[in-house]
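Note that the structure is predicted; figures quoted are calculated from it, not measured. Here is how names work: the chains are called A, B, and so on, in the same order as the sequence lines, proteins then strands, and each is numbered from 1.
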2 protein chains.
Amino acid sequence: MPARKKTTISDIAIAAGVSKTTVSRYINGKQNMISAAACKRIEKAIHLSNYHPSAVARSLKTQRSYLIGVVIANITTPFATSLLHGISMGLRDAGYNPIFADAEDSPETELRLTESLMSHQVDGLIVNTTTEDNRNLIELSNAGTPIVLIDRFIRDHNFDIVLAPYSKPTIDLLMHAHNEGYRHIAMFTQPYEENSPRETRLNAFVQCDNEAFGVERPMEDVYIVDPWDANSAGIAIKKLIEKLKGDDGKLETCCILATNTVTMIATYNAIREMNLTIPDPIGLCGPDDWGWARRMGWDWSATFGKGISTYETDPEEMGKEAAKLVVKRIADPNGQKQQIYTPTTLRLRQSTDLKHTLH
Amino acid sequence: MPARKKTTISDIAIAAGVSKTTVSRYINGKQNMISAAACKRIEKAIHLSNYHPSAVARSLKTQRSYLIGVVIANITTPFATSLLHGISMGLRDAGYNPIFADAEDSPETELRLTESLMSHQVDGLIVNTTTEDNRNLIELSNAGTPIVLIDRFIRDHNFDIVLAPYSKPTIDLLMHAHNEGYRHIAMFTQPYEENSPRETRLNAFVQCDNEAFGVERPMEDVYIVDPWDANSAGIAIKKLIEKLKGDDGKLETCCILATNTVTMIATYNAIREMNLTIPDPIGLCGPDDWGWARRMGWDWSATFGKGISTYETDPEEMGKEAAKLVVKRIADPNGQKQQIYTPTTLRLRQSTDLKHTLH
DNA sequence: TTGTAGGCGTTATCAA
DNA sequence: TTGATAACGCCTACAA
């Protein structure tokens with residue numbers, strides 16, 4: 001099956017017996033400038049040849065592509081899934097299409113992909129960046145490219161950005177633990193360098209551990225966990241237990257704040273393997289960005305034990321907001337940069353219900 | 001910050017004191033046709049102005065974009081995520097970029113997006129289609145567009161396609177249930193019209209129920225479940241139980257085959273809520289396309305009860321293969337259409353371990 | 001209401 | 001080794 005040559009606007013013009021200009025007008029909805037007769041003939045010609053205008057030629061001429069480049073730090077997470085879905089819906093509503101690129105957690109890859117997207121004339125960028133220190137994006141932004149960051153910020157430069165308000169709910173969770181009577185808190189986190197949401201949560205933790213729990217060096221209550229390594233969480237738990245042992249050998253109570261859902265699950269499994277019980281002496285809580293699971297009817301956080309206390313983020317909503325924001329910035333390039341915070345919902349469940357359990 | 005005009009090949013030509021042609025040659029790696037001096041000047045000019053060639057103009061001229069359109073039926077599943085990741089990696093290795101579109105399970109959306117992708121001169125298409133009966137793709141294919149289907153086929157037309165071999169492992173699982181001594185089998189599936197993998201699994205089930213279990217009307221052992229509806233699985237379980245009640249009121253054993261991971265989890269939860277035990281009298285098994293979870297160190301299928309019997313698919317590998325295949329088809333448009341089956345791994349766990357449990 | 005002509009940023013052809 | 005020049009398919013003054 002040989003590839004036929006594509007039909008172009010000229011073909012239609014000839015077939016309909018009019019000029020390219022007229023056809024172009026027809027395509028762009030300016031039918032009120034065209035005689036009914038011509039309209040008919042053009043319509044027919046287009047239909048017969050099943051002609052589709054070339055977005056490429058149009059982009060070249062108009063310098064607009066109606067394409068938005070979407071760069072995701074790592075697509076292999078449930079968070080990214082919901083994000084993409086939201087972005088996709090939001091852009092479509094505004095007549096734009098996403099070109100999507102997966103940086104695979106590599107700043108170099110992110111740079112390369114971003115350049116590729118730019119050379120394809122994308123009208124704007126939505127970026128979930130791998131790097132807090134992203135010179136390239138700052139340059140692009142300075143050069144006038146509409147850019148919206150999502151979930152991760154960039155230092156030393158003012159960007160449009162969509163965020164979940166991680167600090168507040170983190171503190172809410174920790175204060176709840178405090179009120180429940182936990183003696184200690186601990187934070188289990190993936191490496192947090194260059195990753196602003198984790199940093200934000202860390203800061204909230206440190207502040208709370210210091211102020212509410214009166215701990216002098218709260219960083220000592222922070223444990224680095226690699227959920228990709230099956231043993232990592234177990235090792236952290238062992239270290240934690242050592243610290244919690246009282247003089248009588250009994251464990252003091254401690255509520256663990258996990259940095260994200262995946263870390264939380266790894267931690268949960270580790271706790272169970274150590275034959276420790278939840279919520280006493282160990283409590284567990286953290287963010288829940290697995291909206292997709294809920295949407296599928298699976299409330300995962302209720303499946304583990306008797307339920308894990310979480311705050312739910314809404315990545316899909318974040319995606320939608322980001323989409324709206326780029327489109328807005330394209331229309332109004334010099335408008336004020338915006339920070340949008342999408343709402344979060346606290347869900348207190350058994351995993352931190354120390355008071356009740358003590359009786 | 002006003003958007004500066006973009007620098008073009010002409011700017012570079014002027015700055016370097018050469019012609020556009022020479023610059024073009026430089027860009028395209030034909031530096032051996034250029035004098036060392038000119039090379040130097042061009043390099044310098046490009047560097048100073050941080051010039052990036054326009055992929056759009058190039059596409060228009062060469063009729064190649066190095067863009068592959070990727071249409072996914074529904075991105076809101078972990079399966080799709082892994083798929084995308086695989087595609088993304090595979091394409092990148094070959095110098096192509098994915099433009100990705102989410103059809104949101106709607107054939108109309110799929111059509112619209114596909115047309116949009118085509119008008120952007122994509123060199124090929126990778127499609128996880130919503131519709132078995134997809135006239136549009138057949139036409140495009142006939143017109144010479146390189147298309148690779150992934151996970152879902154299209155009736156009445158020969159396409160390049162990447163599939164998991166659902167039939168064989170489904171039968172393996174069911175025969176295993178038979179050998180374990182289950183008296184009945186049942187299938188819990190999402191609606192399967194227009195969805196080839198589910199259909200394939202259904203056919204395998206029907207055949208097995210008939211031949212191995214001697215059931216006359218195997219379709220009566222098929223239950224439609226909507227995992228998005230929390231009650232749906234529960235209702236199906238109740239119906240099933242009615243059928244399993246023997247004369248003495250005791251339940252006969254039955255192994256449930258779930259159609260996919262999400263349905264399986266919904267089913268698992270429903271079984272537990274009914275206070276039924278696994279694997280006796282109810283067994284549970286099905287496919288596992290949650291590779292991402294394992295990659296994150298969470299072997300989910302071991303987390304539920306004492307482990308669920310599954311066969312693991314490898315969506316990431318499927319994506320990679322699809323990427324390789326489009327690229328190949330672009331290079332060799334008239335080559336034989338291929339069907340690629342990616343491997344699958346059987347994991348037998350406690351949820352179907354009836355024999356052992358009986359003692 | 002319609003058409004002509006020029007150009008968007010490249011590459012390809014041909015000649016020098 | 002280099003460079004004019006003509007496309008690629010479309011849009012857009014400007015003119016008729």
Sugar-phosphate only, base, or nothing, as touched by B/Asp11 at under 4.0 Å among non-hydrogen atoms: nothing

Phosphate OP1/OP2 of C/dT10 contacted by B/Tyr51 side-chain N/O (<4.0 Å): yes

Test side chain to side chain donor-acceptor pair (under 3.5 Å) applied to B/Asp314 and B/Thr342, step by step: CA-CA 7 Å; B/Asp314 190 344; B/Thr342 56; over 6 Å; no

A/Ser65 versus A/Ser59, closest heavy-atom pair with distance: CA-OG, 3.4 Å

B/Ser35 side chain near D/dT2 phosphate (N/O to OP1/OP2, under 4.0 Å): yes

Between C1' of C/dT1 and NZ of A/Lys40, the distance in whole Å: 17 Å

5'-most by nearest nucleotide on DNA chain D - A/Arg25 or B/Ile34: B/Ile34

Spacing between A/Ile9 atom CD1 and D/dT12 atom C1', to the nearest angstrom: 12 Å

Phosphate-side-chain proximity, B/Thr22 and D/dG3, N/O vs OP1/OP2 below 4.0 Å: yes

Sugar-phosphate only, base, or nothing, as touched by A/Ser24 at under 4.0 Å among non-hydrogen atoms: base

Nearest-angstrom distance from the residue atom CG of A/Asn28 to C1' of C/dT2: 16 Å

Interatomic distance where NZ belongs to B/Lys6 and C1' belongs to C/dG9 [whole Å]: 11 Å

Closest nucleotide among D/dC10, D/dA6, D/dG3 to the B/Ser19 side chain: D/dG3

Note, A/Leu83 side chain near A/Glu316 side chain (heavy atom, < 4.5 Å): no

Whole-Å gap separating P (C/dG3) and NZ (A/Lys30): 16 Å

Between C1' of D/dT1 and CZ of B/Arg41, the distance in whole Å: 12 Å

Near-strand residues of residues 54-65 of chain A, defined as heavy-atom separation under 4.0 angstrom from DNA chain C: A/Leu60, A/Lys61, A/Gln63

Lys/Arg cation over aromatic B/Phe153: B/Arg155, 6.0 Å, 45° cone: no

Heavy-atom check, side chain of B/Ile75 versus side chain of A/Ser88, under 4.5 Å: no

Carboxylate-amine/guanidinium contact A/Lys324 A/Glu321, below 4.0 Å: yes

Interatomic distance, B/Lys20 NZ vs D/dT2 P [rounded to whole Å]: 17 Å

Ion pair check, A/Arg329 and A/Asp160, cut-off under 4.0 Å: yes

Nearest-angstrom distance from the residue atom CD of A/Gln121 to P of D/dC10: 17 Å

